[in-house]
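Have a look at the structure below, then the notes.
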Amino acid sequence: MDLFDHAAQERMRHEAPLAARLRPRNLDEIVGQEHIIAPGRLLRRAIETDRLFSSIIFFGPPGTGKTTIARVIAQHSQAHFEAISAVLAGVADLRRVIADAGERRKDPRSEHKLHQRRTILCVDEVHRWNKAQQGALLPHVESGLITLIGATTQNPCFEVIDALVSRSRIFQLEPLRQEHLALILERALSDTERGYGSRKVMLDEDARRHLIEISGGDARSLLNALELAVENTPPEPAGEIHITLQIAEESIQRRAIRYDRDGDAHYDTISAFIKSVRGSDPDAALYWLAKMLLAGEEPRFILRRLLILASEDIGLAEPMGLVVASAAAQAFEFVGLPEGVYPIVEATLYLATCPKSNSAGAYFAAQKEIKERGAAALPLHLMESTRATRGLEDAPAPSASGAGYQYPHQFAEHFVPQQYLPTSLIGAVFYQPSDQGYEAHIGERLARWRKAQAAALADQQKSVLGEEDHDAAVADPPRTE
């Protein structure tokens, strides 16, 4: 590097954005993420001893330190460090890196002996590479020629191919807490070399609080807002740059809604929305609904989830829940946005304030019975009439139902106690009504019916088995699910 190159790099360093100038240069300068880089943690020990041999993937929101930790690893390692962006780089760039890494492993004195210098490749936004591009990296990661450090804002379990994920340690970074952001802000104001310590910047307390709160755990967003405020506020006569709340609000006018419709925010926010409706919190449900719609979520996706919830989490506690959700979906098709938000809101509020029951899940108890023990024989009297008698000697003449079947509508209250389950499952219970809403009335009726049915089947069994066998059967009652 000659004098002119050095001068150009120094100029670029001083002219770089504040967030770039303040990027931590060592482990002790990193703020937050104590769960992975605090003293004694596995990753910190690997970095400090330069024993990072397995590939790693950093996963977390923007501005939480993914690239920073990768650069700190480069500072501590004797390995050659290459950094590329998956947004700009393609397979040709990857081939160049791999070829250079292969040459770097060769001893200059012999092309057959390996040099001990490794290559660490940092790929920013690694989820931007398609499966073929990610696959091109795989054999070289597997052979140890390349140690990968991937950085992504998306869950790698969904956005990175399984083969790479299985060969990497995944570290999830968390949004920075307000105390972390306060420390970073103070560092920016006091650092005379890289921050504004050499300038008279007075930041009002309410302005400081606003910048921290609106940054939403993103250090880069915080520093960008501070830089915009400082650089565009004229100094007062005494040379002081006074940052008021109004200036802070103008520099970071509103929190950006982080919402990738194909990424984690999409799934996490709809999860929060459904859980709020299920938990009977209409206020939280409206908040998450507003976030999704403001971020451009597809309303039909939200309505489909409400339709599922109406059956899964409300069910017979309020049968109108499914009707309201269906009507909202149909109304939206007629109206569209923006007015179509009203039926979505109405359905959200109705379902959030309904009594709740997940008794429809009884279906899966019945399904489990069949999967584990196989399908039991169908009772003869439940068969279609001609099938019930086909091939049987002395069979009764065909009728509207199988032999022995009793038609409920011919009895009082349109109910007659008789066997409907297979004989091996008599007495089994899958559906347990909740005590909520309309389903409480169902539970009362069902309890009477089940009691009458149990008594009738016991009498039937007694007449068939005789007294002694019946007493033995009662001592070993049927199982319930």
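Just so you know, these numbers use all the heavy atoms, side chains as well, and skip hydrogens, waters and symmetry mates.
Of all the heavy atoms in E29 and R187, the pair that sits closest is O-NH1, 2.8 Å.
With respect to D28 and R44, a salt bridge is recorded, a charged nitrogen being found less than 4.0 Å from a carboxylate O. Ionic pairing of E231 and R199 is present here: one or more N-O contacts between side-chain nitrogen and carboxylate oxygen are shorter than 4.0 angstrom. Classification of E227 and R220 as a salt-bridged pair fails, no side-chain N sitting under 4.0 Å from a carboxylate O. Between R45 and E48 there is no salt bridge, since none of the side-chain N atoms of the basic residue sits less than 4.0 Å from a carboxylate O of the acidic one. Contact check on R300 versus E333 returns a salt bridge, with a Lys/Arg side-chain nitrogen under 4.0 Å from an Asp/Glu carboxylate oxygen.
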Next item on the list: Please step through side chain to side chain contact (heavy atoms under 4.5 Å, CB included) for the pair E236 and M202, ending with a clear verdict.
Entry: CA-CA 11 Å; E236 295 181 351; M202 189 180 95; over 6 Å; no

Note to self: As a quick check of understanding, evaluate side chain to side chain contact (heavy atoms under 4.5 Å, CB included) for R21 and L18, giving each step before the final call.
What the structure shows: CA-CA 5 Å; R21 300 200 306 269; L18 178 64; 3.4 Å; yes

Note to self: If you apply the rule side chain to side chain contact (heavy atoms under 4.5 Å, CB included), what do you find for I314 with L309, and how did you get there?
What the structure shows: CA-CA 7 Å; I314 295 172; L309 178 140; 3.8 Å; yes

Next item on the list: Please lay out, stage by stage, how E369 and F430 fare under the test side chain to side chain contact (heavy atoms under 4.5 Å, CB included).
Entry: CA-CA 10 Å; E369 170 68 34; F430 300 111; 4.0 Å; yes

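Looking at heavy atoms from C-beta onward, Y438 lies out of side-chain contact with M320 at the 4.5 angstrom threshold. At least one side-chain heavy atom of L289 sits less than 4.5 Å from a side-chain heavy atom of L293. Looking at heavy atoms from C-beta onward, E249 lies in side-chain contact with H210 at the 4.5 angstrom threshold.
Note that the CD1 atom of I274 and the CZ atom of R305 stand 5.0 Å from one another [nearest 0.5 Å].
Under the 3.5 Å distance criterion, with hydrogens and angles disregarded, a donor-acceptor pair is assigned to the side chains of E439 and S434. A donor-acceptor pair shorter than 3.5 Å can be found between the side chains of Q367 and Y363. Side-chain N/O atoms of E159 and T152 include no donor and acceptor closer than 3.5 Å. Counted by atom type alone, H76 and N26 present zero donor-acceptor pairs between their side chains at under 3.5 Å.
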For residues 50-63, dump all side-chain donor-acceptor pairs below 3.5 Å to protein atoms at least two apart in sequence or in another chain.
residue : atom : partner : partner atom : Å
D50     : OD1  : S77     : OG           : 3.0
D50     : OD1  : R118    : NH2          : 3.4
D50     : OD2  : Q78     : N            : 3.0
S55     : OG   : L148    : N            : 2.9

For residues 32-41, dump all side-chain donor-acceptor pairs below 3.5 Å to protein atoms at least two apart in sequence or in another chain.
residue : atom : partner : partner atom : Å
Q33     : OE1  : E174    : N            : 3.0
Q33     : NE2  : T64     : O            : 3.2
Q33     : NE2  : E174    : O            : 2.7
E34     : OE2  : H180    : NE2          : 3.1
H35     : NE2  : Q172    : O            : 2.8

